[in-house]
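Report on the following structure.
Predicted model only: the values in this text are computed from it and were never measured. Computation of the quantities below employed the complete heavy-atom set of this structure, encompassing side-chain atoms and omitting hydrogens, waters and symmetry-equivalent molecules.
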Amino acid sequence: MSVDVKTPDEIEKMRATCRFAASVLDYIRPHVRAGVSTGELDRLCHDYIVEHGAYPAPLNYKGFPNSVCTSVNEVVCHGVPGPRKLGDGDIINIDVTTIVDGWCGDTSEMFTVGEISDDARKLIDVTRRAMWQGILEVGPGKALGDIGAAIFDFAHERHGYAIVDRFCGHGIGREMHMAPQVHHVGIRGHGMKLRPGMTFTIEPMLSQGSSHCDILSDGWTAVTRDRQLSAQTEHTILVTDDGFEVLTMRDSAWRPD
Ligand code: MF3
Ligand code: CO
Ligand code: CO
């Protein structure tokens with residue numbers, strides 16, 4: 001499948017939608033508190049997005065019923081927002097995909113409620129660092145497999161977490177999900193070679209126990225089969241002439257020192 005290379009004008013549109021998607025994470029942060037339901041978080045994000053003249057890409061995407069994904073604790077990804085209320089010690093991923101002027105930006109972040117366990121804190125920390133290990137591989141001439149290899153080495157070999165490889169990152173542009181698939185495990189030097197102007201996401205999912213998932217009866221919500229904790233973070237990345245640009249970066253975002 002062919003992978004498109006964006007023109008400078010298209011890259012500007014990608015920057016705008018990605019910057020906006022990232023701003024939704026800043027907007028929602030103070031609302032992530034004990035007692036709020038994931039459905040309320042979804043509604044807040046939905047209203048913020050449409051009030052800014054944008055559109056939430058997940059809404060009605062292949063039948064997805066809501067505007068963001070809210071993945072709590074054992075939920076790996078694609079959590080369908082609803083009546084579940086957050087409580088002290090919960091961890092939650094909120095995954096925002098916006099459409100601005102016809103272009104998609106996709107980013108997600110982990111949020112915590114009250115006091116979380118040391119195990120949960122470590123899982124989130126390793127997840128963010130693992131995503132960045134992948135990002136730091138990106139540049140012209142590098143292979144897609146370099147990204148997965150770096151993430152797997154760090155998250156699994158070094159820290160012992162499972163990587164859920166059933167879901168992967170993806171090319172992004174006029175559509176949310178485009179070629180190529182960006183696996184979070186890989187072999188160095190294998191897979192497509194990266195070229196300046198390509199845009200794709202890196203969004204590893206790490207679990208404390210096994211990497212096996214089940215899909216709940218809503219047809220979307222993916223949970224760890226052993227119901228242990230899972231975490232994910234996501235950025236949309238541009239391949240530049242000399243490396244990468246994190247299109248969904250925001251001042252408040254975690255970054256490696
Ligand atoms: N934002 C998700 C991703 O990172 C996709 C959400 S699609 C939905 O790819 F239908 F599940 F919402
Ligand atoms: Co994505
Ligand atoms: Co996403």
Side-chain angles (χ1 to χ4, degrees), residues 1 21 25 28 32 36-43 45-46 56-87 89-98 104 106-111 113 119-120 123-124 126-127 130-131 134 148 151-152 155-156 161-172 175-186 200-236:
M1 204 188 263
L25 296 176
I28 202 63
V32 183
V36 75
S37 71
T38 54
E40 285 161 351
L41 295 174
D42 173 73
R43 186 181 52 77
C45 289
H46 170 275
L59 189 56
N60 300 318
Y61 174 81
K62 296 185 177 171
F64 191 82
N66 292 83
S67 297
V68 295
C69 298
T70 52
S71 301
V72 182
N73 296 345
E74 75 286 355
V75 180
V76 174
C77 66
H78 299 168
V80 175
R84 183 174 183 167
K85 278 186 163 52
L86 299 182
D90 282 347
I91 65 172
I92 177 175
N93 173 281
I94 300 179
D95 191 338
V96 174
T97 316
T98 55
C104 298
D106 193 3
T107 185
S108 80
E109 180 57 290
M110 294 302 300
F111 301 89
V113 183
D119 282 355
L123 173 67
I124 292 171
V126 174
T127 300
M131 174 185 67
I151 292 170
F152 185 82
H156 185 74
Y161 291 113
I163 306 229
V164 178
D165 195 33
R166 173 165 173 182
F167 305 99
C168 45
H170 47 89
I172 183 167
E175 287 169 56
M176 169 167 56
H177 289 157
M178 305 177 73
Q181 293 194 344
V182 181
H183 287 272
H184 304 109
V185 306
F200 53 81
T201 71
I202 298 180
E203 48 180 306
M205 286 140 276
L206 274 57
S207 302
Q208 289 179 322
S210 117
S211 65
H212 289 104
C213 295
D214 291 314
I215 307 293
L216 299 186
S217 59
D218 61 25
W220 282 100
T221 304
V223 298
T224 54
R225 190 160 296 168
D226 58 17
R227 301 302 193 265
Q228 292 206 63
L229 292 182
S230 185
Q232 177 180 30
T233 56
E234 174 176 25
H235 274 308
T236 298

**Report entry** Check: Leu216 and Asp214 side chains under 4.5 Å, non-hydrogen atoms
**Finding:** no
Query raised in the report: Would a distance-only check, ignoring hydrogens and angles, find a side-chain to backbone donor-acceptor pair under 3.5 Å from Asp95 to Cys69?
Result: no
Query raised in the report: Do you know the tightest heavy-atom contact between Val68 and Cys45?
Result: CG1-CB, 3.7 Å
Query raised in the report: Can you tell me how far the CD1 atom of Ile202 sits from the SG atom of Cys168, to the nearest 0.5 Å?
Result: 12.0 Å
Query raised in the report: Are the side chains of Ser108 and Gln232 in touch, meaning some heavy atoms are under 4.5 Å apart?
Result: yes
Query raised in the report: Is a side-chain N or O of Thr127 found less than 3.5 angstrom from the main chain of Leu206, in a donor-acceptor match?
Result: no
Query raised in the report: Got Trp220 and Ile215 here, is their nearest side-chain heavy-atom distance under 4.5 Å?
Result: no
Query raised in the report: Given side chains that start at C-beta, do those of His235 and Met131 come closer than 4.5 Å, heavy atoms only?
Result: yes
**Report entry** Residue pairs fulfilling salt bridge (Lys or Arg N to Asp or Glu O under 4.0 Å) with at least one residue in residues 64-84, sequence neighbours excluded
**Finding:** Glu74-Arg84
Report task. Taking the side chain as every heavy atom from C-beta outward, state whether Ile91 and Ile124 have any pair of such atoms under 4.5 Å apart. Result -> yes
Report task. Give a yes or no on whether the backbone of Gln208 and the side-chain of Gln228 come within a donor-acceptor separation of less than 3.5 Å. Result -> no
Query raised in the report: Does Ser71 reach the main-chain N or O of Gly79 with its side chain, forming a donor-acceptor pair under 3.5 Å?
Result: yes
Query raised in the report: Knowing that exactly one of Leu59, Thr98, Asn60 qualifies, which makes a side chain to side chain contact (heavy atoms under 4.5 Å, CB included) with Ser67?
Result: Leu59
Requested in this report: Start with the C-alpha distance between Val185 and Ile151, add both sets of side-chain angles, then the distance that settles side-chain contact (heavy atoms from CB on, under 4.5 Å), and finish with yes or no.
Outcome: CA-CA 7 Å; Val185 306; Ile151 292 170; over 6 Å; no
Query raised in the report: Does the side-chain contact (heavy atoms from CB on, under 4.5 Å) test come out yes or no for Thr236 and Thr107, once each step is laid out?
Result: CA-CA 6 Å; Thr236 298; Thr107 185; 5.5 Å; no
Query - N/O donor-acceptor pair under 3.5 Å between Asn66 side chain and Val80 backbone - result: no
Query raised in the report: Short question: side chain of Asn73, backbone of Asp90 - any donor-acceptor pair under 3.5 Å?
Result: no
Requested in this report: Keeping the roles fixed (side chain from His170, backbone from Gln181), state whether a donor-acceptor pair exists under 3.5 Å.
Outcome: no
**Report entry** Close side-chain approach of Leu41 to Leu86, heavy-atom, < 4.5 Å
**Finding:** yes
**Report entry** Ring center gap for His177 and Tyr61 short of 6.0 angstrom
**Finding:** yes
Query - His78/Phe167 aromatic ring centres below 6.0 Å - result: yes
Requested in this report: Indicate yes or no for a side-chain donor-acceptor contact from His184 to the backbone of Glu203 under 3.5 Å, with no hydrogens or angles considered.
Outcome: yes
**Report entry** Distance in Å, Arg166 CZ paired with Ser211 OG, rounded so as to fall on 0.5 Å steps
**Finding:** 10.5 Å
Query raised in the report: Asn93 and Phe111: side-chain contact (heavy atoms from CB on, under 4.5 Å), yes or no, with the steps?
Result: CA-CA 6 Å; Asn93 173 281; Phe111 301 89; over 6 Å; no
Query raised in the report: Under a 4.5 Å cut-off applied to non-hydrogen side-chain atoms, are Val75 and Cys77 in contact?
Result: no
Query raised in the report: Can a donor-acceptor pair be found between the side chains of His183 and Asp165 at a distance below 3.5 Å?
Result: yes
Report task. Show your working on side-chain hydrogen bond (donor to acceptor under 3.5 Å, both in side chains) between Thr201 and Asp106 and close with a plain yes or no. Result -> CA-CA 7 Å; Thr201 71; Asp106 193 3; 4.9 Å; no
Report task. Please assess Ile94 against Val32 for the test side-chain contact (heavy atoms from CB on, under 4.5 Å), listing each intermediate value before the final yes or no. Result -> CA-CA 10 Å; Ile94 300 179; Val32 183; 3.9 Å; yes
Query - Val164 vs Ser207 side-chain heavy atoms within contact, under 4.5 Å - result: yes
